[in-house]
2 protein chains.
Amino acid sequence: MSTDTREAIMGAARAAVQTSGYTALSFRELAKDVGIKSASVHYHFPTKGDLATALAARYADEAQAYLAELLESQQSHDQLLDTYVAVFRAALERDNRMCLCGMMAAEYDELPDSARVEVERFTAVNTDWLEKVFSSRHPKASAEKRHARALAIFAAIEGAQLVARGRGNIAFFDQIIAAYKDAGLFS
Amino acid sequence: MSTDTREAIMGAARAAVQTSGYTALSFRELAKDVGIKSASVHYHFPTKGDLATALAARYADEAQAYLAELLESQQSHDQLLDTYVAVFRAALERDNRMCLCGMMAAEYDELPDSARVEVERFTAVNTDWLEKVFSSRHPKASAEKRHARALAIFAAIEGAQLVARGRGNIAFFDQIIAAYKDAGLFS
DNA sequence: ACCTGAACACCGTTCAAGT
DNA sequence: ACCTGAACACCGTTCAAGT
């Protein structure tokens, strides 16, 4: 099936980007993983930038679907945030992987505009969700305050993941998250 | 002067890494910038990994010297943190650049161990300094608490820079920092 | 001590050619 | 519709050769 080939390429590419980055991603290595020739990868994704765009778009779509479902689970504010944080923790647990869009934010300069738009959308999906969660606890906070806090929580978690990855030690992630809670950032 | 050549390579390389990342760094482009041939770059830095190590080591050294001097300036707690945050902001102001070690943390998988050690040292230099600043305001806090808070502040600022870079808009950095302060993370 | 040209195996991309 | 081999200009690295 050719659709499966496209899916296989995206799967292998996502893992590679989250582990080594978009710039380090190789069409020839990708082709080997999937069992085709590198020229064939270009049939499915004309350029590397097109692949980056498709990866980020799917990543944003999946986050949106996951978070929408999570919000319906009727967990408490604290439980929702714990589950949210656990997603970022799980990436580190899998071979020290990083959030795909966090990685792409670092590699911003190498991305085509079409991929940057998807990175932006992923951020919006996350901060919109955090804003909803935060608003249910602080209904009296101003819209600006809620929005800024949601963005801050997202950035803080991305930073915790980045720093922990740079130490190659997930214990740092846990320590940082605990300190965020202790300081009241999540409350 | 050959020492100047080495310095010129490091200067051009640092700017390139902070803008485009270590993986995207090209010895051939670097050679053009400096006015030599790419084979000559290898005379000064045998491998790309050696260059990464030298860049990160100098970055950590410079941070250590700068922060030691800053601590002696006898500014208030709030002023010190504002000055500290301004350093990360200044990177974004210069062509959306990122902290060299934040970038390298994302590219962790591509780095030799010798460079990873320097990224770790940069983190330690920053968190040690933040711990001192935080301790002067909260002398009664436990050592664990102070250390965790210092690490959290560092990670949060790195995350703010990463997210703002991914949006290509420094206004997000300012908004996130303001929300950190509002939540009490810096206090 | 410092630089270079040439070679090697890599890389993304293109394209004519296959099925 | 999907894949391929061959070519192109790139890349890091090595090394014998220059000054």
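The basis for the numbers below is simple: all heavy atoms, side chains too, and nothing from hydrogens, waters or symmetry mates. Chain A is the first sequence line, chain B the second, and so forth, proteins listed ahead of strands; every chain is numbered from 1.
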A:Arg137/A:Asp78 ion pair, N-O < 4.0 Å: yes
Using a strict 4.0 Å threshold on nitrogen-to-oxygen distance, state whether B:Asp61 and B:Arg58 make a salt bridge. no
Per [X] side chain, nearest of listed nucleotides [options]:
X: B:Ser26; options: D:dG12, D:dT4, C:dC11; value: D:dG12
X: B:Ala39; options: C:dG5, C:dC3, D:dA1; value: C:dG5
X: A:Glu29; options: C:dC3, C:dC11, C:dT13; value: C:dC11
X: A:Arg28; options: C:dT13, C:dC3, D:dT4; value: C:dT13
X: B:His42; options: C:dG5, D:dT14, C:dT13; value: D:dT14

Gap between atoms [atom1] and [atom2], on [X] and [N] respectively (whole Å):
X: B:Glu110; N: D:dG12; atom1: CD; atom2: C1'; result: 13 Å
X: B:Lys32; N: D:dG12; atom1: NZ; atom2: P; result: 11 Å
X: A:Tyr43; N: D:dC3; atom1: OH; atom2: P; result: 8 Å
X: B:Leu51; N: D:dT13; atom1: CG; atom2: C1'; result: 14 Å
X: A:Lys48; N: D:dC11; atom1: NZ; atom2: P; result: 13 Å
X: A:Phe45; N: C:dC11; atom1: CZ; atom2: C1'; result: 19 Å
X: A:Lys37; N: C:dC11; atom1: NZ; atom2: P; result: 13 Å
X: A:Phe27; N: D:dC3; atom1: CZ; atom2: P; result: 14 Å

Can you work out whether A:Val41 or B:Gly49 has the more 5'-proximal nearest nucleotide on DNA chain D? A:Val41
Is there a donor in the side chain of A:Thr53 and an acceptor in the side chain of A:Ser114, or the other way round, less than 3.5 Å apart? yes
Does any part of the side chain of A:Ile177, heavy atoms only, come nearer than 4.5 Å to the side chain of A:Phe186, both counted from C-beta? yes
Let me check something: do A:Tyr108 and B:Leu100 share a hydrophobic cluster, defined by ILVMFWY side-chain heavy atoms less than 4.5 Å apart, either directly or through other members? no
Paired nucleotide for C:dA6 [Watson-Crick or G-U wobble; both distances under 3.5 Å]: D:dT14
Counter-base of C:dT19, judged by Watson-Crick or G-U geometry with both distances under 3.5 Å: D:dA1
Is B:Ser38 close enough to D:dT13 that one of its side-chain N or O atoms is under 4.0 Å from OP1 or OP2 there? no
Kindly say if B:His44 contacts the phosphate of C:dA1, meaning a side-chain N or O under 4.0 Å from OP1 or OP2. no
Using a 4.0 Å heavy-atom cut-off across all strands, classify A:Leu25 as base, sugar-phosphate, or nothing. sugar-phosphate
Using a cut-off of 4.0 Å on non-hydrogen atoms, how would the nucleic acid contact of B:Leu30 be classed: base, sugar-phosphate, or nothing? nothing
